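Structure record follows, encoded as structure tokens.
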Amino acid sequence: VQLQASGGGLVQAGASLRLSCEASGRTSGDTTMGWFRQAPGKEREFVAAIRWRGGATAYEDSVKGRFTISRDSAKNTVYLQMNSLKPDDTAVYYCAAKSRQIILSALRYSTSYDYWGQGTQVTVSS
């Protein structure tokens with residue numbers, strides 16, 4: 001599976017951005033995809049994830065109510081709509097995927113995913 005992320009940019013606090021991640025290759029109806037982010041000097045952290053079958057989602061607490069993850073299975077694409085962006089959201093955002101369904105309790109762990117995209121920079125100025 002190859003992942004191509006896009007949509008990052010430089011915005012002011014309070015603005016919105018939508019990230020996209022297109023998957024190609026050996027995807028399946030049980031694919032799970034997620035978004036992680038890594039700020040300078042910090043460890044990579046979970047942001048959100050979605051299971052294609054059933055559409056179950058999970059979010060990191062700090063983005064709940066501001067970010068929404070969704071999928072377009074026909075396009076093999078996952079989106080991350082980010083609203084009310086804050087300077088603390090500044091990071092490189094990575095999409096990740098696994099061709100099998102990940103159990104809900106494991107969605108937030110990077111080790112649950114087999115494939116990773118190249119990352120897209122999101123910078124939020126105050």
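Residue numbers start at 1 and run along the sequence shown. Predicted, not measured: the structure shown is a model, and the values here were computed from it.
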Using a 3.5 Å cut-off and no angle test, enumerate the donor-acceptor pairs between side-chain atoms of residues 38-50 and protein atoms at least two apart in sequence or in another chain.
from: Q38; atom 1: NE2; to: K42; atom 2: O; distance (Å): 3.1
from: E45; atom 1: OE2; to: R37; atom 2: NE; distance (Å): 2.6
from: E45; atom 1: OE2; to: R37; atom 2: NH2; distance (Å): 3.1

Q | Gap separating the OG1 atom of T31 from the OH atom of Y115, nearest 0.5 angstrom | A | 9.5 Å
(Q) Quick check: closest heavy atoms across Y94 and G117, and the distance to 0.1 Å? (A) CD2-O, 3.7 Å
Q. Okay, side chain of R51, backbone of A56: is any donor-acceptor separation there less than 3.5 Å?
A. no
Q: Identify the heavy atoms of T120 and G8 that sit nearest to each other, and give their distance.
A: OG1-N, 3.1 Å
Q. Is any side-chain N of the basic residue among K98 and D114 closer than 4.0 Å to the acidic one's carboxylate O?
A. yes
Q) Going from CZ on R53 to OG on S73, what distance comes out if it is rounded to the nearest 0.5 angstrom? A) 10.0 Å
Q. Under a 4.5 Å side-chain heavy-atom rule over Ile, Leu, Val, Met, Phe, Trp and Tyr, are W52 and V1 clustered together?
A. yes
Side-chain polar contacts of residues 11-22 - donor-acceptor pairs under 3.5 angstrom, sequence neighbours left out - could you list them?
from: S16; atom 1: OG; to: N83; atom 2: OD1; distance (Å): 2.9

Q) Just by distance, do the side chain of Y59 and the backbone of I69 share a donor-acceptor pair under 3.5 Å? A) yes
(Q) Please tell me whether V124 and F67 are part of a single hydrophobic cluster in this structure, the criterion being side-chain heavy atoms less than 4.5 Å apart. (A) yes
**Q.** Residues D89, M82; criterion side chain to side chain contact (heavy atoms under 4.5 Å, CB included); working and verdict
**A.** CA-CA 9 Å; D89 295 318; M82 305 186 295; over 6 Å; no
Q | Spacing of R100 atom CZ and D30 atom CG [to the nearest 0.5 Å] | A | 9.5 Å
Q.
Can you see whether Q121 engages T123 through a side-chain donor-acceptor pair at a distance of less than 3.5 angstrom?
A. yes
Q: Applying side chain to side chain contact (heavy atoms under 4.5 Å, CB included), run through L3 and Q118 and close with a yes or a no.
A: CA-CA 8 Å; L3 303 175; Q118 83 285 9; 6.0 Å; no
Q: Give the intermediate values and the outcome of side chain to side chain contact (heavy atoms under 4.5 Å, CB included) for residues R71 and M33.
A: CA-CA 9 Å; R71 76 200 188 288; M33 292 183 70; over 6 Å; no
Q. Side chains of V92 and F36: does their closest heavy-atom pair fall under 4.5 Å?
A. no
Q. How about Y109 and I102: do any of their side-chain heavy atoms sit closer than 4.5 Å?
A. no
**Q.** Trace of the side chain to side chain contact (heavy atoms under 4.5 Å, CB included) decision for T68 with Y79
**A.** CA-CA 8 Å; T68 302; Y79 304 99; over 6 Å; no
